[in-house]
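Hydrogens, waters and symmetry mates play no part in the numbers below; they use all other heavy atoms, side chains included.
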Amino acid sequence: MIQFEGVRAGYGRREVLRDVSFQVAEGEMVGLLGPNGGGKTTLVNVLSGVLSPMGGRVRIRGVDLHELSARQRARTLAVVPQRLGASFGPRVGAVVLMGRYAHSSWLGGYGPEDERAAREALTLTRALDLWDRRLDELSGGETQRVLIARALAQEAPILVLDEAAAHLDVARKVEIYELLKTRNRAGMTVLSVVHDLNLAALYCRRLLFLKAGRLALDGPTSEVFTEENLTEIYETPILVAPHPVTGAPQAHLAPGSAGASGPG
């Protein structure tokens, strides 16, 4: 579904992604992790078409990403950004309806089916009561649920999220990832940037780690989520133990441990 082939990308002359290659198969739910500044958001910007690669190729379903029109991309891939580019105040209903762009008529109108999809998406994210609210009146967590609803309303087979759980409290984080898990089991392919190591290990069967713009690790969660790997990537001692209910590996910081400055 998603193929990165030796992708280099950045801003101006500053290269952020350096020769990144990986594939995400149809039906996978993959977590993208790594230290701050590692290139995770840049990778999402490349996938969304906002940023053109300096080198390499990105393919979606075997087609070069930049050969797809905006409407074709929207039918194939939905993106939830980490934040809005600017503060603006349309009604929530109008924002979620933007996700129906790929399904609207060439004249740009939205019909009853579009409104149904938008309301259903807001119901799934527990935000339908916000339909008539202005976006600039919402809290960070409410805004995040609206942006996820907008992406779900696209009804695209691939969903890419840049920190889907940002600004959400613990209960809402679980709700969103349970929703993503349900959609994934129904066939949706999910690639999600996650800063919460334990959340990623609980919900993603495969993890990618970016560090300093390069792909540092790629593999099944059960194999790559280890004390040695995490300590090396994050340069601080991290212990790993099984979750008491699910058995999934979970990370625990070890402040004050010997070598707390990390490996050299």
Side-chain angles (χ1 to χ4, degrees), residues 1-4 7 17 20 22-36 38-50 58 60 73 76-84 99 121 124-125 140-141 143-211 215-222 224-225 230 233-234 246 248-251:
M1 295 284 279
I2 301 173
Q3 294 174 283
F4 269 58
V7 172
L17 295 183
V20 173
F22 67 89
Q23 296 185 27
V24 176
E26 184 174 359
E28 281 197 286
M29 183 163 173
V30 179
L32 179 61
L33 302 93
N36 291 340
K40 300 181 295 296
T41 294
T42 298
L43 190 149
V44 172
N45 287 340
V46 170
L47 260 181
S48 66
V50 170
V58 179
I60 304 295
R73 285 201 304 270
T76 305
L77 183 144
V79 177
V80 179
Q82 188 176 120
R83 62 180 66 86
L84 291 174
L124 288 171
T125 61
T143 300
Q144 195 69 12
R145 284 187 284 151
V146 170
L147 294 179
I148 294 170
R150 182 178 67 178
L152 293 177
Q154 277 183 239
E155 298 181 332
I158 303 172
L159 181 61
V160 177
L161 309 102
D162 192 358
E163 267 302 287
H167 312 296
L168 300 179
D169 60 39
V170 173
R172 301 292 87 74
K173 285 183 180 182
V174 172
E175 285 179 358
I176 289 301
Y177 271 87
E178 285 291 326
L179 172 59
L180 295 177
K181 182 173 73 173
T182 298
R183 286 304 180 103
N184 174 247
R185 287 177 173 174
M188 176 178 279
T189 301
V190 179
L191 175 62
S192 181
V193 174
V194 193
H195 278 294
D196 187 325
L197 292 170
N198 292 333
L199 195 65
L202 283 172
Y203 287 97
C204 301
R205 295 184 294 274
R206 176 181 163 208
L207 301 176
L208 306 175
F209 287 84
L210 282 176
K211 183 175 182 179
L215 189 62
L217 280 175
D218 175 4
T221 302
S222 58
V224 301
F225 200 95
L230 297 182
I233 287 174
Y234 289 96
T246 69
Q250 296 286 274

Those residues that, when tested against A78, pass side-chain contact (heavy atoms from CB on, under 4.5 Å) (two or more places apart):
A151, Q154, A156, L159

With S222 via side-chain contact (heavy atoms from CB on, under 4.5 Å) - residues at least two apart
P220

For [X], which residues count as a side chain to side chain donor-acceptor pair (under 3.5 Å) partner, sequence neighbours excluded?
X	value
K173	none
D196	none
T42	Y11
D218	R206

Do L180 and L161 come within less than 4.5 Å of each other through their side chains, counting heavy atoms only?
yes

So L215 and F209, do their side chains get closer than 4.5 Å, heavy atoms only?
no

Name all residues meeting the ring pair (Phe, Tyr, Trp, His ring centres under 6.0 Å) criterion together with F4; count only those two or more places apart in sequence or in a different chain, and write none if there are none.
F22

Which pairs would a plain distance check flag for residues 188-195, meaning a side-chain donor or acceptor within less than 3.5 Å of a matching protein atom at least two apart in sequence or in another chain?
unit_1, atom_1, unit_2, atom_2, d
T189, OG1, G27, N, 2.8
S192, OG, Y177, OH, 2.9

Report the residues that fulfil salt bridge (Lys or Arg N to Asp or Glu O under 4.0 Å) with E26, sequence neighbours left out, ordered by chain and then residue number.
none

Non-neighbouring partners of R172 that pass salt bridge (Lys or Arg N to Asp or Glu O under 4.0 Å), sequence neighbours left out
D169, E175

Once you round to the nearest 0.5 Å, how far does CZ of R183 lie from CD of E178?
14.0 Å

